[in-house]
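Chain identifiers are assigned alphabetically (A, B, ...) following the order of the sequence lines, protein sequences preceding nucleic acid strands; residue numbering begins at 1 within each chain. Computed from a predicted structure; not experimentally measured.
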Protein chains: 2
Amino acid sequence: MDKPGLRERKKQRTREALIDAAHELFCTNGYEATTIDQIAEAVEVSSRTFFRYFTSKEDVALSLADEQVTAILDAFAAQPADMPVLTAMRTAAVQVVRSSETQARFHSLQNLISASPALTAARIERGTARFDTLARLVGARMGVDPAQDPRPYLVASVALCAVPTAIDAWRAAGHQAPESELIRQAFDLLSTGLDYPATPTGSQ
Amino acid sequence: MDKPGLRERKKQRTREALIDAAHELFCTNGYEATTIDQIAEAVEVSSRTFFRYFTSKEDVALSLADEQVTAILDAFAAQPADMPVLTAMRTAAVQVVRSSETQARFHSLQNLISASPALTAARIERGTARFDTLARLVGARMGVDPAQDPRPYLVASVALCAVPTAIDAWRAAGHQAPESELIRQAFDLLSTGLDYPATPTGSQ
DNA sequence: ACGACACTTGTCATGAGATGACAGAATGAG
DNA sequence: CTCATTCTGTCATCTCATGACAAGTGTCGT
């Protein structure tokens, strides 16, 4: 059981308390309107201590989203090796997101991110940090060298950058549907190519 | 010709001087290491004045890239209406980028952006501001309603987000080629779909 | 050419985000 | 209990960013 030790547990509790307080304040007052001092005060630690747990305000806001991305990448690596790349990517993303969608926290986090340009940008920035990881996974699955063939990087950037962004924009434009469904549609379109002449999609 | 007036011209000169000084300092010392004070001092204005021309440090760094995106969107709108969407997008991007590639400034700007996560994220964020514009253009060209069909948004996010990011990553991974060539390859892959089994691409 | 007006700029002040240095308190090991 | 490690708070500092106000400069009508 690797006895966690009192110290470890206390740290973990502080960390989660900071996340909780931050998200509550963010949802109530908005992301930019919330200050680090408020978050720290709500947990009764100094603002300096906040920065020992999170490197920035974005960090605490996106920590949960980060875990989700990790889960998706793990699920992706676990898909059968003979499954086409985008299919594996879609399956992994849909699995993880679908299991999150029942949690209220998931939705408030999505709204928070879409409502704040700073958070939207930060999410992409964090995605970028995983590019190499994902590109290597994709390259291995396709059996190509990412330094020679652009497709692994293209797939990685589409998955980590284009799809989330497109979904944000599409929902902002008024379309309502479960996120997992939007993800599914986006990947399906990508695997068949985007350049088809107009033939009404998906729903009919 | 709408005599610009002395005031207008002076403003324009200050603006360009700030851009010049900023880029020179960025290239010499790096983006994060350069402070607004240094930029303002180099042009002999107050740092307060800097913020009357640019809303942020990112703003001055990306102002040139912004003009390029504008040029690409204009070129896109000017393509023949019966040309497939991604083909039009590719043609527009390749045209504009190819005409920039001879300028040393273009390359240093690319390097600057790829070297700084903050700038990379900011570039995407600025792309987001054009999403609706591009999605409308794409929707019109495809003859579909962007609120009903996800493809316009997917195309927009791929063009403004995935392609630049993928190119950055691909070059960071060691592949060398003119940017316009990378753009061409990326769009060609997207129009045929990414999900094909491995068949060595482009170069042969 | 002169003067009223609008626009641009500098100075000052302020606030939030982020980081380094150091001392003191809590915790774990012996 | 004692010592060393680790965590935390306080203080100082820096950079980015913005508001308020006064002073300087260009513009335009007369």
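Look at B/Tyr53 and you'll find a side-chain N or O under 4.0 angstrom from OP1 or OP2 of C/dT9.
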- request: Verify side-chain contact (heavy atoms from CB on, under 4.5 Å) between B/Ile113 and B/Tyr31, making sure each step is shown before the conclusion.
  value: CA-CA 9 Å; B/Ile113 295 174; B/Tyr31 173 74; over 6 Å; no

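Of the possible polar contacts, none joining the B/Thr34 side chain to the B/Asn29 backbone as a donor-acceptor pair under 3.5 Å is found. Side-chain atoms of B/Ser116 never come within 3.5 Å of backbone atoms of B/Leu112 as a donor-acceptor pair (strictly under, hydrogens ignored).
As a whole-Å value, the separation of B/Arg52 CZ from C/dT8 P is 10 Å. Atom CD in A/Glu58 sits roughly 10 Å away from atom C1' in C/dG17 (whole-Å rounding). Between the CD atom of B/Glu32 and the P atom of C/dG17 there is a distance of 19 Å, rounded to whole Å. For the pair A/Arg15 CZ and D/dC7 P, the interatomic distance rounds to 14 Å; values are reported in whole Å. Computed from coordinates, the B/Phe51 CZ to C/dC12 C1' distance equals 16 Å when rounded to whole Å. Summarising the geometry, the separation between CG on A/Asp37 and P on D/dG9 is reported as 12 Å, rounded to the nearest angstrom. Taking atom CD1 of residue B/Ile36 and atom P of nucleotide D/dC14, one finds them 17 Å apart after rounding to whole Å. As a whole-Å value, the separation of B/Phe54 CZ from D/dT18 P is 14 Å.
For the pair A/Lys57 and B/Glu44, nearest-nucleotide mapping onto DNA chain C gives the more 5' position to B/Glu44.
Within the 4.0 angstrom heavy-atom criterion, base atoms lie near A/Ser46. When heavy atoms are screened at a 4.0 angstrom cut-off, A/Ser47 is found touching no nucleic acid atom at all. Residue-level contact check: B/Lys10 touches neither bases nor backbone, having no heavy atom under 4.0 Å from any strand.
Using a cut-off of 4.0 Å between Lys/Arg side-chain N and Asp/Glu carboxylate O, B/Asp66 and B/Arg123 are scored as not salt-bridged.
Taking both residues in full, the closest heavy atoms of B/Ala88 and B/Met83 are given as CA-SD, 3.5 Å, listed atom of the first, atom of the second, then distance.
Nearest nucleotide to the side chain of B/Thr35, out of D/dT8, D/dT15, C/dG10: D/dT15.
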